[in-house]
There are 2 protein chains.
Amino acid sequence: MTAPPRRVTQRDIARLAGVSQATVSLVLNNRADAEIRIAPETRDRVLRVIAETGYAADPVARRLASRFNRIIGVFTYEPAFPSGSRDFFHPFLLGIEEYAERVGCDLLLFTSAPVVDGRRRIFHQDNRLRLADGCILLGREVDGAELHRLNRDGYPYVAVGRRDDAGGPVPYVGADYATAVNRLAELALRHGHRRLTYVGMGSTAESSEDRRRGYQAAATTAESARQVSAVAEDADACLDDLLADGTTVAFVEDFATAVALESAARRRGLTVPGDLSIVTLGDPTVPVPTDIAFTGFLIPREEMGRQSVEVLTGVIDGSAAGLQQRLLPCELVEGNTLGTPDPAVDRR
Amino acid sequence: MTAPPRRVTQRDIARLAGVSQATVSLVLNNRADAEIRIAPETRDRVLRVIAETGYAADPVARRLASRFNRIIGVFTYEPAFPSGSRDFFHPFLLGIEEYAERVGCDLLLFTSAPVVDGRRRIFHQDNRLRLADGCILLGREVDGAELHRLNRDGYPYVAVGRRDDAGGPVPYVGADYATAVNRLAELALRHGHRRLTYVGMGSTAESSEDRRRGYQAAATTAESARQVSAVAEDADACLDDLLADGTTVAFVEDFATAVALESAARRRGLTVPGDLSIVTLGDPTVPVPTDIAFTGFLIPREEMGRQSVEVLTGVIDGSAAGLQQRLLPCELVEGNTLGTPDPAVDRR
DNA sequence: CATAGATGCTAATACGTATTAGCGCGGTGG
DNA sequence: CCACCGCGCTAATACGTATTAGCATCTATG
């Protein structure tokens with residue numbers, strides 16, 4: 001194999017066109033400020049040489065010299081492999097990709113970030129953040145300390161999902177879980193339910209808190225509105241608890257837990273929603289096979305992806321300072337796991 | 001917003017540690033050649049300052065100065081949006097991502113490449129290829145002229161899918177369609193089929209040619225082994241043709257066409273494989289809803305993704321010169337659309 | 001004809017890192 | 001006492017682009 005021919009640079013263009021490198025740069029960037037003047041014939045000559053040589057600017061040097069790169073970084077907190085949550089994140093990426101394409105940006109996936117204690121780290125020995133103009137942060141749980149540092153460094157970023165302040169407001173594009181859960185709870189109340197239980201995952205993430213907040217706000221008119229924690233593996237115990245309590249509708253944060261609850265109920269000869277209504281609070285984060293059409297809502301994942309790019313570009317160029325925190329509405333899904341409470345169970 | 005604090009550079013580290021910038025660079029890169037010597041205490045001092053300041057090398061400057069970046073480019077020929085073929089490409093990306101993570105590389109998706117005549121172009125005004133150390137090329141049809149140019153420029157790349165030479169051998173990781181189709185054809189012959197028809201897409205892509213080659217190689221012992229072209233929208237006409245010919249088994253290149261053929265047959269009261277056997281030649285490239293378990297084979301898409309990264313890293317560092325073209329075996333899927341030919345139809 | 005202003009371009013420099021030739025210093029052998 | 005060598009480090013430069021101050025040259029004006 002012969003040595004790769006050195007790439008064509010502006011200096012080569014300049015030599016061929018009989019001008020200086022600076023002139024080539026000016027022509028390339030279409031600089032037509034009052035201060036910058038290039039004779040049309042010179043410009044044409046330079047452009048002709050550029051076309052002949054097939055020259056293309058080195059984006060690395062460009063980035064080093066000036067400020068921007070048109071590269072958007074994407075950082076995923078969850079370790080990529082092995083992980084069932086990939087399918088959950090895919091729609092976000094599709095939205096990001098779509099909008100990045102529209103605005104002519106490339107996407108840099110920080111797959112090299114090391115995993116420590118089961119979580120990717122942004123900041124580490126060989127931090128590569130600066131390769132991109134800014135960065136989109138994906139992940140259920142985002143490290144507050146790292147957000148602090150991003151803010152302190154003035155590095156442009158946006159989180160997908162609402163985040164609490166971290167040494168300053170955190171730009172984000174989130175889903176409006178509070179409103180969605182609130183609506184579902186009010187729907188259940190209108191169906192006549194009076195004993196509600198929120199089955200959480202024991203997570204303190206903002207997304208979990210928002211859901212609980214929406215639930216609590218609606219639950220004031222209920223006879224009982226509890227909160228418990230459960231995981232899919234523990235569905236039988238959870239079901240026991242719900243039945244003992246006389247709960248008529250369960251708001252289940254984790255989709256897999258809802259599926260497990262439903263099958264546990266079915267195994268005992270109970271029907272959903274006949275004996276127990278189950279409402280889910282978001283798309284499955286791990287693939288769960290089920291034929292049940294759960295009542296719940298959809299997270300607008302693709303749209304969140306798109307808008308996160310939009311917000312990020314605003315953060316990068318310093319515009320749109322007021323619109324850097326967005327909550328998008330979730331579409332309710334009617335499903336058929338929310339019914340009217342069984343009168344026999346309702347008043348016990 | 002205050003002006004972003006200028007990032008910490010090696011010069012800052014050098015000043016704080018009382019050494020020169022060169023020394024900082026040497027320490028950072030763990031240079032311990034015979035020619036390079038740094039006193040342990042100096043090294044420690046520098047490392048301490050680095051830790052205190054949280055310094056991280058600017059990857060852009062690093063790339064400009066030296067050669068490598070640990071960034072792998074991914075170029076997708078198909079326009080990303082709107083496109084049903086996304087689901088087809090996703091597994092490749094998963095494999096690529098997994099291996100990139102393993103070798104500590106980031107992934108740059110060239111979403112900014114403009115679409116001309118329905119196809120993305122690598123080479124254009126503001127070509128960004130050089131941001132990455134090398135590039136993986138994804139897509140059904142890859143432009144031969146662009147491959148030529150990549151070869152000429154000495155740019156490291158690897159194609160996913162076998163490619164003909166283009167001014168030199170093209171590094172690739174492909175699927176061994178020829179062998180897979182050959183096996184299927186021989187299986188059909190063993191089942192007693194004697195009138196075969198290959199239903200192609202009229203594509204001249206290497207992947208299509210490989211399939212046809214495998215088919216032809218096996219078909220020598222058949223009574224009739226034709227080739228026709230058809231698309232899913234034209235399934236009825238194709239079915240007419242197959243029946244008129246007395247074909248007992250159709251090898252259908254395009255998955256969607258196979259699905260359409262099967263439902264056309266069913267609409268006419270024919271059964272598959274009772275009246276006609278149908279064999280598919282690869283995974284669906286566009287999402288097609290079907291409950292049929294077609295006989296055919298699986299393209300090892302994730303593995304192709306993984307190995308493409310492996311080959312690319314070899315191309316980049318110039319090693320493994322002999323192993324730059326790989327064909328991976330496809331797993332046959334038994335399915336239930338290949339039966340024994342109906343004797344009434346068989347001899348006509 | 002001197003001067004001012006406009007025009008068209010270039011020289012110089014910055015960006016942050018990697019690399020390499022070579023400098024000063026202390027020790028050792030003759 | 002000099003020559004030489006190994007050690008530890010630094011000065012200088014390269015990478016390719018963007019930016020800016022300012023130098024010629026020309027034109028218009030008094």
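Below, chain A is the first sequence line, B the second, and so on; all start at residue 1.
Between N29(A) atom CG and dT17(D) atom C1' the separation is 9 Å, expressed in whole Å. One can place CZ of R63(A) at 13 Å from P of dA18(D), the figure rounded to the nearest angstrom. At whole-Å resolution of the value, CZ in R128(A) and P in dG16(C) are 18 Å apart. The CD atom of Q10(B) sits 14 Å away from the P atom of dC15(C) (whole-angstrom rounding). Nucleotide dT17(D) holds its C1' atom 8 Å from the CG atom of D58(A), rounded to whole Å. With rounding to whole Å, R11(B) atom CZ is found 8 Å from dG16(C) atom P. The distance from atom CG of N30(A) to atom P of dT19(D) is 13 Å, rounded to the nearest whole Å.
Of the inter-residue distances, the one linking Q307(B) atom CD with L312(B) atom CG reads 13.0 Å to the nearest 0.5 angstrom.
Residue R140(B) places its CZ atom among 12 or fewer non-hydrogen atoms of other residues, nucleotides or ligands, all under 6.0 Å distant.
Remark: the Y157(A) side chain and the N151(A) side chain contain an N/O donor-acceptor pair separated by less than 3.5 Å.
Evaluation of the side-chain contact (heavy atoms from CB on, under 4.5 Å) rule for A39(B) yields E41(B), T42(B) as partners, not counting sequence neighbours.
Contact of the V170(B) side chain with the D164(B) side chain is not registered, since no non-hydrogen atoms from C-beta on lie closer than 4.5 Å. Between V49(A) and I13(A) there is a side-chain heavy-atom pair separated by less than 4.5 Å.
The side chain of R31(B) contributes an N or O atom lying less than 4.0 Å from OP1 or OP2 of dT19(C). Regarding contacts with the backbone of dG16(D), every side-chain N or O of R62(A) stays at 4.0 angstrom or more from both OP1 and OP2.
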Where protein sits on nucleotides 4-14 of chain D, one letter per nucleotide: B base, S sugar-phosphate only, - none, heavy atoms under 4.0 Å: ---BBBBB---

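Comparing dC15(C), dT17(C), dT17(D) by their nearest atom to the side chain of L64(A) picks out dC15(C).
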